[in-house]
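The sequence lines fix the lettering, A, B, ..., with proteins before strands; numbering per chain opens at 1.
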Amino acid sequence: MAARIVETEAYTGSRDPGSHAYSNRTPRNEVMFEAPGRAYVYFCYGNHFLLNIVTEKEGTAGAVLIRAAEPVSGIKTMMKLRRTGEIKKLTNGPGKLTAALAVDKKFNRADMVGGMELYVASSGEKKFRVTKGPRIGIKKGLDLYRRFCVKGSGFLSAK
DNA sequence: TCGAAGATTCTA
DNA sequence: AGAATCTTCGAA
């Protein structure tokens, strides 16, 4: 299965109050300080996994949260995993996205560049507009406009 | 060791 | 609008 990422949010380390890596380096956010291109998967609210991609060089905390995507292939499988028949609800939220792609804790720290099971690749597309705005679902760092989405996509997160 | 908070989602 | 649900972190 594959999906086209349409919405992301950036989280940096020490300067970003909304980031997990803001205060201290802990076992959980450890991955954010490691080599770029890794996956940072984190379990939240007792029910949901959230998928991030580490972006900054080793030693500097930074990651990009994948908030929403547009299903491209393997849609049947995703519907099974998500238990819904509506394509638009398959991956239009960070927790839903991980459920649809079967991403869980075992992918934490996984290589997303050269990885086999989970990886990111360029679609080659260059004709789309990106809009930015305040991030969603957090209470700190709202003054930082680090949410980026593909303008006009019908697969953006619900909130 | 305990309590509180959290980058969410679904249901009533 | 509110609950479900559980891991993680920081304080005691």
Determine whether more than 12 heavy atoms belonging to other residues, nucleotides or ligands lie under 6.0 Å from atom CD of Glu117(A).
no
Once you round it to whole Å, what is the distance between P of dC10(B) and CG of Leu90(A)?
11 Å
Please report, rounded to the nearest Å, how far the P atom of dT8(B) is from the NZ atom of Lys139(A).
10 Å
Distance to the ring centre below 6.0 angstrom and angle to the axis at most 45 degrees; does that hold for Arg38(A) and Phe107(A)?
no
Ignoring backbone atoms, test whether Lys96(A) places a side-chain nitrogen or oxygen under 4.0 Å from the OP1 or OP2 oxygen of dC10(B).
yes
Are Met32(A) and Ile53(A) connected, step by step, through hydrophobic side chains (Ile, Leu, Val, Met, Phe, Trp, Tyr) whose heavy atoms are closer than 4.5 Å?
no
Just call it for Tyr40(A): base, sugar-phosphate, or nothing, with non-hydrogen atoms closer than 4.0 Å on any strand.
base
Considering every strand and a 4.0 Å limit on heavy-atom distances, what is the contact class for Arg82(A): base, sugar-phosphate, or nothing?
sugar-phosphate
Between dA7(B) (C1') and Leu65(A) (CG): distance, integer Å
5 Å
Arg147(A) CZ - dT8(B) P separation (whole Å)
11 Å
Do Glu9(A) and Arg146(A) sit within salt-bridge range, that is, some charged N less than 4.0 Å from a carboxylate O?
no
Check the orientation of Phe43(A) and Phe49(A). Use parallel for under 30°, tilted for 30 to 60°, and perpendicular for over 60°.
tilted
Quick check: does any side chain N or O of Arg135(A) sit under 3.5 Å from a backbone N or O of Leu142(A), one acting as donor and the other as acceptor?
no
Cationic N near anionic O, under 4.0 Å, Arg109(A) to Glu30(A):
no
Which ranges of DNA chain B pair up as stems, where a stem means three or more consecutive Watson-Crick or G-U pairs with both distances under 3.5 Å?
B:1-6 with C:6-11, B:8-11 with C:1-4
Would you tell me if any nitrogen or oxygen in the side chain of Arg67(A) comes within less than 4.0 Å of OP1 or OP2 on dT8(B)?
yes
Round to the nearest Å and state the distance from Glu86(A) atom CD to dT9(B) atom P.
15 Å
Between dA7(B) atom C1' and Asn92(A) atom CG, what is the distance in whole Å?
16 Å
Can any side-chain N or O of Asn52(A) pair as donor or acceptor with the backbone N or O of Tyr40(A) at less than 3.5 Å?
yes
Residue pair Val41(A) / Val103(A), side-chain heavy-atom distance below 4.5 Å:
yes
Once each nucleotide of nucleotides 3-12 of chain C is scored for protein heavy atoms under 4.0 Å, what B/S/- sequence comes out, 5' to 3'?
-BBBSSSS--
